[in-house]
Q: 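The structure under discussion is supplied below as structure tokens; questions concerning it will follow.
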Amino acid sequence: MRHSFAPMTQSLPDQLRATVRFLGRILGDVIRAEDGEAVFSQIEEIRQASVGFHREGTPEAARLMAERLEGLSLPDTVRFAHSFAVFLQITNIAEDQIQRRRGRAGDARHDTLAGALRTLKGDGIDTKQVVELLRGALIAPVITAHPSEVRRKSVLDRQSAIAHDLDAFDHARSEGERAAIERELVRQMSIFWRTRLLRNVRIAVADEIENAVSYFDRSFLAELPRLYAHWREVLATDELPSFLRVGSWVGGDRDGNPYVTAQVMRHALVRQSRAALRMYLERIHALGAELSMSADLAEVTPELQALADGSHDESPHRADEPYRRALTGVYARLAASYGDLTGEAAPRPSPKGAEPYAGPEALKADLQTVLDSLVQKHGPAFEAGPLPDLIRAVDVFGFHLATLDMRQNSAVHARVVGELLKVAGVCADYEALDEAARCELLTKELSHGRLLASPYADYADETRRELETLAMAAEIKRRYGPEAIRTYIVSNTQSVSDLLEVYLLLKEVGLYRPGDPPQAEIFAEPLFETIEDLRAASKTMARYLSLPLIRRLLAPQGMQEVMIGYSDSNKDGSYLTSTWELHKASRALCAVVGGEGLRLQLFHGRGGAVGRGGGSSFEALLAQPQGTVHGRIRITEQGEVVANKYADPEIARQSLETLTAGVVLTSLRKQAADELAAPHSKAMDALARTAMGAYRALVYDTPGFVDYFYAATPISEIADLNIGSRPTSRQPTRSIQGLRAIPWVFSWSQSRAMVPGWFGFGSAVAKGGVSMAQLRELNEVWPFFHSTLANMEMVLAKSDLAIAGRYAGLVEDRALADHVFGEIRAEWQRTHDALLEITGQSQLLEKNPDLAAVIRSRLPYIDPLNHLQIELIRRRRRGDADEAVREGIHLTINGVAAGLRNTG
């Protein structure tokens with residue numbers, strides 16, 4: 001054999017290098033075998049030239065790499081882009097394999113629940129306090145369909161197969177076993193090499209639903225119950241509630257997506273329910289095969305006997321097998337539920353007719369009857385295993401699998417409510433009313449039972465669609481249970497009326513009911529997104545919660561959730577300003593909501609890129625303001641991050657454990673250092689104000705900046721990618737304000753300028769009036785500031801202003817290009833120098849050599865793709881309509897995204 005993996009005692013870069021070399025050698029063998037030595041040699045020459053350039057950095061090395069790239073024909077260019085994109089994908093596979101290995105260190109890691117317990121013990125906090133926290137906790141990653149994931153599901157499946165074989169190779173015990181696995185790796189790599197990386201049609205919402213369900217099916221359904229079983233051991237408790245759950249926006253997020261309709265939302269729940277119930281049916285069938293105990297040899301509880309007798313299983317083969325008879329009845333009832341909820345027969349239909357379960361609680365009760373009998377009559381060996389895991393799964397996932405959030409823009413609600421009020425003769429022009437008058441009118445309408453909508457009225461299409469969607473939400477909750485939909489998120493919340501409008505619409509379908517107290521089955525939730533809205537958030541919520549109607553409505557649940565948006569606040573005001581305003585808003589909201597006797601639950605709308613709140617979730621949690629988490633948090637998982645965290649079951653389990661450990665630590669640990677935030681708030685205010693001024697001067701006040709952005713990034717080409725159902729812009733006009741934050745960040749990442757992840761910080765340090773001594777102290781003692789700089793440092797390390805300058809060369813107005821890029825380059829240098837001075841480093845990531853080595857190892861494969869992308873974009877914009885040019889551009893976008901990993 002030509003390979004043995006590096007041992008765990010070696011550094012991460014050495015392990016990564018060895019694993020990448022192994023997979024690269026297999027890919028090379030596949031290319032040689034299928035495309036010939038000449039093709040392999042051509043690709044290898046460019047690879048070596050690029051590696052040489054990064055190693056030496058000499059003009060001669062740069063010239064050699066440029067010659068190799070310029071000498072490619074168009075077909076060769078497309079093939080080369082495909083090959084480097086594939087190589088970067090297998091680099092990700094290798095990196096994930098090392099993460100799996102390190103994860104197997106288990107509870108020795110600091111970012112596990114056991115690690116959190118060790119840390120808290122040092123603060124005098126014991127396990128009982130952790131268990132008490134978790135009794136009232138909610139931790140929920142929420143899967144969204146935001147389009148920065150450029151990989152097809154077929155590609156993800158192939159990567160998963162290669163990763164499985166690589167892991168098997170890692171565990172092989174003999175040379176013969178390794179040889180057999182390597183042959184399988186060659187086969188899978190050959191399939192991957194010939195798999196189309198790009199979608200040839202635009203993805204639809206139904207495809208996004210399938211993708212989301214594939215993650216639930218592959219990772220969450222199996223791994224979450226096992227994780228709970230492990231935590232019961234770690235916490236030494238038999239009473240651990242299901243605090244970790246999963247949410248989804250896919251099929252419920254209508255904000256700016258006209259393709260999310262009532263029928264699409266129903267389809268999302270059908271697919272989710274199908275996945276959950278199929279797993280339950282498979283597990284019950286397997287348990288029926290396993291639990292063969294005979295009544296002649298073992299006793300059962302009266303409850304189990306009644307369940308067996310009630311199954312009406314008359315098979316003579318099971319006459320003396322009460323557990324099998326009981327599970328036959330359970331299976332038959334669940335199969336009937338499957339038919340009702342999915343509209344199709346169960347995969348393995350039951351021969352017996354049965355009454356479907358009214359809901360998951362009834363199923364869980366029957367399964368618990370079986371478990372109680374096993375434990376009582378056969379001992380504690382049955383307290384763990386497939387049946388307790390199944391009961392936990394039913395408790396976590398119910399019949400709905402993931403709780404679906406609804407989301408729509410406040411402007412839509414205002415128009416719909418306005419039309420309903422006008423047609424009903426209540427108010428001729430609702431939108432002309434001031435805020436006080438709106439709130440008075442809405443509160444009055446919410447106090448009585450009269451409905452506004454009439455089946456005989458002729459409403460606008462928008463109003464009709466919204467009413468149909470709300471009616472479907474009511475139907476979904478009735479069929480799939482109360483947890484199927486709990487929250488209605490209001491994008492662009494700016495006033496109290498924005499939230500009251502939602503309750504008025506929910507009232508039309510019976511999801512809000514007037515009374516004393518009033519009741520709601522779905523709760524309105526504000527989303528504060530822009531800098532201005534974040535600054536006003538606490539005042540908006542104070543006015544909202546001061547309404548007697550709202551206090552009575554929220555009193556039974558004792559909680560108000562608020563969503564804060566990282567993406568639009570960044571696009572609005574710069575990375576540093578957004579980060580600080582989110583931090584301040586969290587504190588202020590906690591005080592306001594707590595002052596009304598309610599708990600605040602924050603929902604963090606984070607993306608994959610640092611410019612959209614990305615970076616380490618664990619470190620981000622530790623940096624949260626004291627008192628703002630307290631065991632309850634929801635966090636969006638978006639774009640390529642979903643696949644990075646949850647495509648592989650083992651990595652999914654690590655990611656979920658890390659999330660939980662971070663929540664427990666930030667909720668309970670002593671945060672004396674965080675108290676220093678108050679004296680330093682003035683300094684942060686000055687920094688944020690200066691950063692925002694510099695950022696807005698560039699992005700919003702520079703004449704022609706929009707033209708520069710559209711020319712100097714691949715934004716137009718990204719809009720042409722088939723990676724999402726949602727349009728890239730909220731408005732048909734070309735403006736930064738109307739552009740969605742995701743393609744905004746994605747475009748800057750592709751061009752390697754990465755402006756949203758750092759711009760403004762250098763000016764803030766230079767002109768903000770904060771001393772270097774104070775900045776260094778902030779970095780030393782304040783987790784928030786340290787985490788902010790760490791994320792920014794990673795972005796700076798992945799950026800490349802020389803490549804960004806070549807993208808600037810695509811701008812036809814040279815004076816505009818020189819001015820804007822000159823500002824970007826100067827600010828990058830200021831930011832770079834300031835960060836090094838604050839952190840006491842001589843180069844970026846000097847104190848994080850593992851991350852530095854990982855990034856450095858990718859650059860020789862990313863940079864050539866950027867260079868080819870620039871030339872192909874230039875050709876296409878000059879009118880070359882050859883489909884190969886378009887394909888080449890999209891392949892380079894695919895490859896660069898794969899190499900950077902957190903691009904959107």
Side-chain angles (χ1 to χ4, degrees), residues 209 213 216-217 221-222 225 263 265-291 300 303-319 321-374 386-404 472-485:
I209 291 169
V213 171
F216 300 145
D217 201 13
L221 278 168
Q263 291 306 313
M265 192 162 71
R266 182 181 184 278
H267 176 68
L269 265 297
V270 168
R271 284 296 295 115
Q272 290 179 192
S273 182
R274 184 188 302 165
L277 268 60
R278 278 192 176 189
M279 190 272 269
Y280 302 162
L281 288 167
E282 290 169 3
R283 299 294 172 83
I284 292 168
H285 179 76
L287 283 164
E290 179 182 87
L291 297 178
V300 297
E303 294 79 8
L304 187 283
Q305 189 62 55
L307 187 62
D309 293 342
S311 71
H312 304 296
D313 183 358
E314 298 173 359
S315 170
H317 302 290
R318 293 185 292 272
E321 297 172 338
Y323 289 104
R324 282 180 166 171
R325 291 173 58 221
L327 290 169
T328 296
V330 171
Y331 186 96
R333 292 192 67 187
L334 187 59
S337 299
Y338 183 96
D340 276 3
L341 297 176
T342 70
E344 60 185 44
R348 186 186 286 107
S350 170
K352 299 180 62 60
E355 186 73 18
Y357 282 109
E361 289 302 319
L363 169 62
K364 196 175 91 169
D366 281 354
L367 293 173
Q368 189 65 49
T369 296
V370 178
L371 179 61
D372 289 345
S373 180
L374 288 168
L387 181 52
D389 285 353
L390 176 58
I391 293 171
R392 177 68 73 174
V394 175
D395 192 48
V396 172
F397 303 113
F399 287 173
H400 64 287
L401 180 54
T403 298
L404 187 70
M472 182 58 70
E475 172 68 9
I476 284 170
K477 287 183 70 70
R478 184 186 67 79
R479 290 176 61 82
Y480 298 96
E483 295 300 317
I485 302 175

Q: Among all residues two or more places apart in sequence or in another chain, which pass the side chain to side chain contact (heavy atoms under 4.5 Å, CB included) test with Thr328?
A: Asp313, Arg318, Lys352
Q: Are any non-hydrogen side-chain atoms of Pro386 and Glu290 less than 4.5 angstrom apart?
A: yes
Q: Write down the atom of Leu371, the atom of Pro388, and the distance for their closest heavy-atom approach.
A: CD1-CG, 4.0 Å
Q: Taking Lys477 for the side chain and Pro482 for the main chain, is one N or O donor matched with an acceptor at less than 3.5 Å?
A: yes
Q: Starting at CG of Asp340, measure out to OG of Ser273 and round the result to the nearest 0.5 Å.
A: 10.0 Å
Q: Which atom pair, heavy atoms only, marks the closest approach of Leu304 to Pro322?
A: CD1-CB, 3.8 Å
Q: Measure the CD1-OH distance between Ile284 and Tyr331 for me, rounded to the nearest 0.5 Å.
A: 8.5 Å
Q: Quick check: do Leu291 and Leu374 have side-chain heavy atoms less than 4.5 Å from each other?
A: yes
Q: Do Arg283 and Leu387 pass the side-chain contact (heavy atoms from CB on, under 4.5 Å) test, and can you show the C-alpha distance, the side-chain angles, and the key distance before you say yes or no?
A: CA-CA 8 Å; Arg283 299 294 172 83; Leu387 181 52; over 6 Å; no
Q: Would you compute the distance between atom CG of Leu401 and atom CZ of Arg274 and round it to the nearest 0.5 angstrom?
A: 12.5 Å
Q: Once you round to the nearest 0.5 Å, how far does CD1 of Ile476 lie from CG of Leu341?
A: 11.5 Å
Q: Nearest 0.5 Å, please: how far is CE in Met265 from CG in Leu404?
A: 7.0 Å
Q: Heavy atoms only: give me the nearest Leu281-Ala346 pair and the separation to one decimal.
A: CD1-CB, 4.0 Å
Q: Would you check if Arg278 and Pro347 make a side-chain contact, meaning some heavy-atom pair closer than 4.5 Å?
A: yes
Q: If we only count heavy atoms from C-beta on, is the Leu334 to Phe399 side-chain gap below 4.5 Å?
A: yes
Q: Taking the side chain as every heavy atom from C-beta outward, state whether Tyr280 and Tyr338 have any atom pair closer than 4.5 Å.
A: no
Q: Grab the two heavy atoms, one from His400 and one from Tyr480, that are nearest each other, plus how far apart they are.
A: CB-O, 4.1 Å
Q: Quick one: does Ser337's side chain have a donor or acceptor within less than 3.5 Å of a partner on Tyr357's backbone?
A: yes
Q: Is there a side-chain contact between Arg348 and His285 in this structure, where contact means two heavy atoms from C-beta onward sitting under 4.5 Å apart?
A: yes
Q: Is there a donor-acceptor pair closer than 3.5 Å between any side-chain N or O of Ser373 and the backbone N or O of Thr369?
A: no
Q: Side-chain contact, heavy-atom cut-off 4.5 Å: His267 with Ile209?
A: yes
Q: Is the backbone N or O of Ala308 less than 3.5 Å from a side-chain atom of Ser311, with the two atoms forming a donor-acceptor pair by type?
A: yes
Q: Starting at CG of Leu327, measure out to CG of Asp366 and round the result to the nearest 0.5 Å.
A: 9.5 Å
Q: Of the non-hydrogen atoms in Ala393 and Met279, which two are nearest, and what is the gap between them?
A: CB-CE, 3.7 Å
